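Below you'll find the structure, written out as structure tokens, and then a few comments.
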Amino acid sequence: MILTVEKPRIDSQIAGVFRDEAEDYLSDNRVDCAVDLSNVRFMDSTGLSSLVSLLKFIGPDRKLELCGLTPQVTKALKLTRLDDIFVTRANVREAELAREARAAMS
Amino acid sequence: MILTVEKPRIDSQIAGVFRDEAEDYLSDNRVDCAVDLSNVRFMDSTGLSSLVSLLKFIGPDRKLELCGLTPQVTKALKLTRLDDIFVTRANVREAELAREARAAMS
Amino acid sequence: MNDMSQDARFSILSSFENVANLAEDVSVLCGNRAEIDEDTADMLRLCLAEALNNIVEHAYQGAEGKPIFADVQFMRDRFEVHLIDEGQPMPQGQVPSGDADYDLDDFENLPEGGFGWMLIRSQMDMIEYERRDGCNVLRLGKELEA
Amino acid sequence: MNDMSQDARFSILSSFENVANLAEDVSVLCGNRAEIDEDTADMLRLCLAEALNNIVEHAYQGAEGKPIFADVQFMRDRFEVHLIDEGQPMPQGQVPSGDADYDLDDFENLPEGGFGWMLIRSQMDMIEYERRDGCNVLRLGKELEA
Ligand SMILES: Nc1ncnc2c1ncn2[C@@H]1O[C@H](COP(=O)(O)OP(=O)(O)O)[C@@H](O)[C@H]1O
Ligand SMILES: Nc1ncnc2c1ncn2[C@@H]1O[C@H](COP(=O)(O)OP(=O)(O)O)[C@@H](O)[C@H]1O
């Protein structure tokens with residue numbers, strides 16, 4: 001399923017709420033997840049932390065992917081080397097195609 | 001004839017040169033003149049002074065009109081009440097039509 | 001604007017280029033912080049440029065490299081910019097009148113100067129001049145819409 | 001940039017909102033004055049926001065209304081921003097390492113913090129910390145391309 005972040009920023013004012021809501025959803029629904037960040041123009045260190053928390057939370061048995069990264073978000077992930085940890089997709093459509101491909105394979 | 005100001009600003013760095021060049025031209029050519037200000041985004045008090053100097057220089061027997069005023073120039077003229085002294089035209093075309101109309105009348 | 005406690009002080013050395021930059025920096029800052037619209041910020045830049053050009057031209061009589069300070073203070077319902085220099089005082093110890101009620105019909109005697117102060121007076125809600133410790137202190141204030 | 005002598009000092013009171021505004025004001029000023037491109041100005045804003053958030057969170061432990069100063073100095077080939085507060089000192093009297101060479105394969109032990117300093121270190125060319133007269137002084141510097 002796709003988790004779309006509506007806010008234009010994930011910073012200290014919102015990162016905690018975002019993580020808690022996402023974790024609630026992911027404990028109720030044991031599914032793979034793609035986080036749609038196409039609305040997010042600005043992410044700071046607390047935003048990055050919340051994504052890492054989510055990745056640990058979802059664990060190795062499920063997929064957490066990021067899609068729709070804007071330039072600043074791409075840069076922040078790269079500078080902290082987190083771009084090596086997260087699977088990223090160009091947009092929601094690509095994330096869905098990847099999920100369908102995985103479903104067809106299993 | 002139309003005198004087009006190419007620069008985007010008439011401020012203290014350029015107002016003197018502008019006035020001198022215009023006065024040179026107007027002493028050599030005893031014609032009416034429309035100053036095309038459509039490129040000028042910013043005019044300060046020295047720019048206003050240079051226009052008043054020109055108006056005095058050309059004297060009562062010839063016309064000096066302004067055309068193509070941008071918002072900031074319009075506002076600066078209005079705040080100093082100089083909009084009551086200068087005849088203004090929307091653009092170069094309007095200034096030319098006005099000149100033709102005057103020629104037809106005389 | 002959200003908090004009464006955001007101040008800034010700019011220090012530059014006199015030159016026409018530096019004062020043009022300063023006028024831009026201060027008006028951009030006020031535009032961001034006080035949420036004034038672009039037109040108002042443009043006119044603020046113009047007023048600051050006029051007042052700062054006067055400092056270079058008249059207070060420092062064109063000399064470069066002399067200190068100029070701009071203090072910017074944001075309050076809930078207005079902001080103030082204080083311009084400070086160590087140059088010659090204002091004539092008669094006060095701000096030139098710069099009223100815009102000159103005679104429009106008296107063609108020969110149209111003013112060719114004084115437009116700077118007309119512009120400043122038309123835009124600012126407070127203009128106060130003081131000579132203090134050998135410095136000129138010009139305080140310009142603007143009210144913000146509620 | 002044209003002149004070596006343009007400095008600015010900002011004074012604010014601690015709060016997450018005020019430091020976000022300050023990070024924006026300073027990066028806009030540097031963007032104007034030092035002619036850095038928009039991307040660089042964005043990253044500068046991010047770094048300043050990180051360093052200033054740390055001051056509110058760690059130096060002042062969340063307390064609002066405490067003084068924070070930002071001094072900005074423009075030089076021909078670089079600029080510096082000095083952040084000054086009166087709060088708790090840095091642990092071990094030095095800037096946290098924040099190196100980005102953590103173990104990518106050690107899933108369980110991925111860092112969930114420390115990204116702030118990684119970002120600051122990746123962007124700034126100079127980072128110096130000093131405890132002076134009961135204040136934290138953090139000096140961040142960036143070289144400008146010729
Ligand atoms: N120390 C000073 N600081 C600022 N202005 C000064 C100072 N000394 C004199 N002035 C006055 O400022 C006036 C400039 O007014 P302004 O409206 O800008 O017109 P102008 O077009 O003549 O520059 C001059 O008349 C000058 O006398
Ligand atoms: N006085 C201080 N000023 C700035 N930073 C401080 C101060 N005291 C402690 N710190 C440190 O700054 C670090 C914050 O680093 P940062 O990379 O932003 O990660 P975090 O995501 O944990 O905020 C903390 O480890 C904290 O120890």
Side-chain angles (χ1 to χ4, degrees), chain A residues 7-20 22-23 26 32-33 35 37-66 69-88, chain D residues 14-24 27-28 37-58 60-62 64 96-125 127:
Chain A
K7 304 268 162 137
R9 304 168 56 95
I10 309 187
D11 61 13
S12 49
Q13 313 218 6
I14 166 160
V17 178
F18 161 68
R19 190 200 51 214
D20 292 348
E23 289 186 0
L26 291 170
D32 287 356
C33 175
V35 182
L37 295 170
S38 56
N39 296 318
V40 179
R41 310 271 128 208
F42 183 83
M43 184 178 292
D44 75 356
S45 66
T46 57
L48 297 171
S49 297
S50 66
L51 292 179
V52 174
S53 300
L54 269 190
L55 188 66
K56 289 189 185 178
F57 180 84
I58 206 167
D61 299 335
R62 287 192 279 168
K63 297 267 178 222
L64 180 85
E65 299 186 345
L66 308 179
L69 279 62
T70 61
Q72 194 272 336
V73 174
T74 304
K75 196 152 182 191
L77 284 167
K78 192 179 159 74
L79 293 172
T80 51
R81 291 176 60 236
L82 293 175
D83 60 339
D84 284 339
I85 295 174
F86 287 97
V87 176
T88 60
Chain D
S14 60
S15 83
F16 286 110
E17 191 164 11
N18 285 355
V19 294
N21 285 339
L22 181 60
E24 189 185 332
S27 61
V28 168
D37 61 44
E38 214 180 311
D39 273 12
T40 312
D42 276 356
M43 290 310 295
L44 178 65
R45 181 171 119 218
L46 175 59
C47 290
L48 292 171
E50 297 291 344
L52 288 163
N53 276 334
N54 283 345
I55 291 175
V56 179
E57 251 180 77
H58 301 291
Y60 287 133
Q61 303 177 291
E64 302 207 338
S97 77
D99 42 21
D101 60 354
Y102 52 87
D103 187 352
L104 288 171
D105 297 323
D106 186 0
F107 186 80
E108 284 301 314
N109 292 315
L110 283 180
E112 284 185 54
F115 297 121
W117 279 106
M118 283 181 221
L119 291 169
I120 297 171
R121 284 187 186 278
S122 73
Q123 292 303 298
M124 305 309 293
D125 299 306
I127 302 175

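Naming convention: chains lettered A, B, ... in sequence-line order (proteins, then strands); numbering from 1 in each chain. Quick caveat: nothing in here was measured; it's all calculated off a predicted structure.
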Between [X] and chain A, with a heavy-atom cut-off of 4.5 Å, which part of the residue counts as in contact: side chain, backbone, both or neither?
X         : answer
Arg121(D) : neither
Glu50(D)  : side chain
Asn109(D) : backbone

Under 4.5 Å from a heavy atom of chain D, the part of [X] involved:
X        : result
Ser53(A) : both
Arg9(A)  : side chain
Leu82(A) : both

In Å and rounded to the nearest 0.5 Å, what is the [atom1] to [atom2] distance from [X] to [Y]?
X         : Y         : atom1 : atom2 : value
Leu46(D)  : Lys75(A)  : CG    : NZ    : 10.0 Å
Leu55(A)  : Leu110(D) : CG    : CG    : 6.5 Å
Phe115(D) : Leu77(A)  : CZ    : CG    : 9.5 Å

Which heavy-atom pair separates [X] from [Y] by the least distance, and what is that distance?
X         : Y         : answer
Gly116(D) : Ser45(A)  : N-CB, 3.3 Å
Tyr102(D) : Arg81(A)  : O-NH1, 3.4 Å
Val52(A)  : Pro111(D) : CG1-O, 3.5 Å
Leu79(A)  : Ser122(D) : CD1-OG, 3.5 Å

Fill in the blank from the handout: Answer key: most heavy-atom pairs under 4.5 Å with chain A among Met118(D), Met43(D), Glu57(D), Glu112(D) is Glu112(D)

Practice task
Check whether more than 12 heavy atoms from other residues, nucleotides or ligands sit under 6.0 Å from atom NZ of Lys56(A), and answer yes or no.
Solution key: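 Check passes, neighbour count above 12.
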
Handout entry: Trace of the side-chain contact (heavy atoms from CB on, under 4.5 Å) decision for Asn53(D) with Asp44(A)
Key = CA-CA 10 Å; Asn53(D) 276 334; Asp44(A) 75 356; 4.0 Å; yes

Handout entry: Side chain Gln72(A), main chain Asp42(D), donor-acceptor under 3.5 Å
Key = no

